[in-house]
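This report refers to the structure that appears directly beneath it.
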Amino acid sequence: MNILEGLNDVQRDAVKTTTGPLLILAGAGSGKTKTLTHRIANLILNEGVYPNQILAVTFTNKAAREMRQRLATLIGQPNDRSFMPWMGTFHGICVRLLRVDGKAIRVPSNFVIYDEDDRKGLVKQAMKQLSLGDREVKPAAISSAISSAKNAMQTPDDYDGVAVGPFQKQVAQIYHFYEARRKEAMALDFDDLLIEAVRLLRENPNIRDKWRSHFTHILIDEYQDTNAAQYHLVKLLVNKAQNICVVGDDWQSIYSWRGADFTNILNFERDFPGTKVVKLEQNYRSTGHILEAAHAVISKNNQRTDKKLWTDAGMGYPVQVQGVYDDAEEARLVAERISAQVAIGARRYRDFAVLYRLNSLSYSLERAFFQAGIPYQVVGGVRFYDRKEIKDIIAYLKLIYQPNDRMSFSRIANTPTRGVGTTSLEKFLRWQSTRSENIVEALLLLEDEPVVTGKAKGALVKLGYLLKDIASQLETLSPSDAIEQIITKTGYRDHVQDGTPQAEARDENLGVLVADAQQFASLSEFLEEVALMSSADMQVNDDMVTFMTLHAAKGLEFPVVCMIGIEEGIFPHSRVFEAGAAELEEERRLCYVGMTRAREELHLSYSYSRLQFGQRAYNEPSRFIGDMGDQVALLSPEPQLMGASQDEPFYSDEIGFEVGDSVRSSAFGEGTIVDIDGMAVSVNFTSGQTKKLNVEFAHLQKL
DNA sequence: CGGTTGCACTTTTTT
DNA sequence: AGTGCAACCG
């Protein structure tokens, strides 16, 4: 099989460039993943590179999975880790490096990973213990300040040294406390995974050189969204041969709020002299109208490179902008559009995505789709692994895996309720911290200590034996069996059956968790997957409409995209108003990313009013609609008139047909139009049957 | 100690 | 509108 087949000249050039630094500037929909996959396949099949020597970094686990699948097909090997390059997110790769070599910087190989909730919880604890007034300062603000400090590679002492003003002084104190507790718990948070890996390679030249010679070829996807720590990591891993290939698009940089810095991609040529630059500008995804509207938007940004995507796919349908009266109407319109197209067989549910700026906008959609009986899936929002019952069981697993993890212990010490109140818990923890034993061992010792008394004592000792028992079987027990034991022996299954309407769903979730865990061989593997799994990683197999945020849509594509809530204050979000021009430009890039997810149809809508915080709010149409200029079809009357004109069919003038017209369809023959509802035209055919057809697809010919 | 009630706050976006 | 948490009562 020829790896170069089916590629355009530029893509082929990228694939054939196998040595030296390579920068691929890949516009939206330009066949970036295809190019990357073929490039890796070419290295393996034609250049004699062992898969193991290749490091491919993707932005999400899902992207890694997809790439692995496509590569397996391409090189004709089973999709098995042993035949595959190192593929994963920066975070995932760092976990692997740290599990192997972390000891060199005193990171234990069985560290646990703290997610955003764990971090916030620890910050709250710190604020309480340091008795810092928590009414004015929000834990979330502290948490993000700590994250920024970490990403800037500042230790608590560094931060303390430069902290100015009461807020930063406070952060410094909490940061100290946070780090001390985190290390005691043998935990690393998301930021630590990156910066500890950097520290590992920096402080241990022998280890660094080992990995440098191990990875002969490095590829990084979505390079425009790398942050400082990731940038340092790349520089540390690249060896003398400089076989580094990065792919990205500064127009699609949407994560600067998380520390991403798109100047990394702009400076790549400076960082790696002798870089070959390849530009993928032919778009294979979207039609001309969609591309031009998207281009009109991004053109309003000042801070950007200059390029122009092109397509030979034809203009397609114009981008439609729909003004509506309120959020309920907006949701209903989207639902109706989808129903109409599915009803006539033009599309399937899975062809549609509804995108929005804020998770909270999914509410009205869910209601409307539920009522209309349209199957849908919300990506993000409340993740499966964020549900209470799931987090509880995971906390048990984390504690068994890492018996110093106090956060997890605090979570489950009295879940299900076993008579351990806050006072007993605090007494125990205070006592335990004076001893050398870990939490599980300390629980067992409690029997002969007067630290806690009565019911609480018995309960804690019993919990200790239970944890110890499962931990001792870990060698032989699969993660799935371990979960089953926890659910049964702790009485969690009964705890879930609390008589509330949600009981069944929660019980079902536990079952899903047990089933999910079955694909994992070891507990550490399972915990890692759970911690690093993002909401965008959920698999979509069924025929359903997808709802998700614009951020989560990055890298995806759909035949039809509906973007809702295109209003000032929502998109662009009101928070960028006080911020600066740079933040507004990021919102605009986000708009560009959303629009370029669409293959054939793009529908935007804004609403005159909507429910926010339980009250009605009134927003103006977004400036981004103005940015599109005459690239779009405006389908809305003035907001003031909207309520009155709802019943009018918006398209009747546009489609060129009227009730009573005689038409010919290639599929059904001749007939007469009996009704028009938007794009849906009902035709009474001479064959006797009446069909509801979408004029966009039916290719009706007027007679 | 544990459950309930009421109040305050939420909303950027996520590895 | 929905959630989390603090204060109160049994």
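Order of the sequence lines sets the chain letters (A, B, ...), proteins ahead of strands, with each chain counted from 1.
- The six-membered or imidazole ring of A:His573 lies away from that of A:Trp257, with a centre-to-centre distance of 6.0 Å or more.
- Between the C1' atom of B:dT13 and the NE2 atom of A:His573 lies a distance of 9 Å, rounded to the nearest Å.
- Checked against C:dG2, B:dT14, B:dT15, the side chain of A:Glu116 finds its nearest nucleotide in B:dT15.
- Listed nucleotides: B:dT14, B:dG2, B:dT11. Nearest to the side chain of A:His551: B:dT14.
- Nearest nucleotide to the side chain of A:His91, out of B:dG2, B:dT15, B:dT11: B:dT15.
- Nucleotides C:dG4 and B:dT13 place their P atoms 15 Å apart, quoted to the nearest Å.
- Across B:dT13, B:dT15, C:dG2, the shortest atom-to-atom separation from the side chain of A:Tyr363 is found for C:dG2.
- Checked against C:dC5, B:dT15, B:dG3, the side chain of A:Lys124 finds its nearest nucleotide in C:dC5.
- The A:Thr549 side chain lies nearest to B:dT13 when the options are B:dT13, B:dC1, B:dT10.
- Side chains of A:Ser256 and A:Glu586: a donor on one and an acceptor on the other come within 3.5 Å.
- Summary of the strand contacts: A:Arg367 and A:Lys388 both lie near DNA chain C, and taking for each the nucleotide with the nearest heavy atom, the more 5' one is attributed to A:Arg367.
- Stacking here means ring centres nearer than 5.5 Å and ring planes tilted less than 30 degrees, and by that measure A:Tyr255 does not stack onto B:dT14.
- Two rings, from A:Tyr396 and A:Tyr492, have their centers 6.0 Å or more apart.
- Set against B:dT11, B:dC1, B:dT14, the side chain of A:Thr423 has B:dC1 as its closest nucleotide.
- For the residue pair A:Thr415 / A:Asp392, no side-chain donor-acceptor distance below 3.5 Å is found, with atom types taken as modelled.
- Closest to the side chain of A:Trp257, out of B:dT11, B:dT14, B:dT15, is B:dT14.
- Which of B:dT11, B:dC1, B:dT15 sits closest to the side chain of A:Leu358 comes down to B:dT11.
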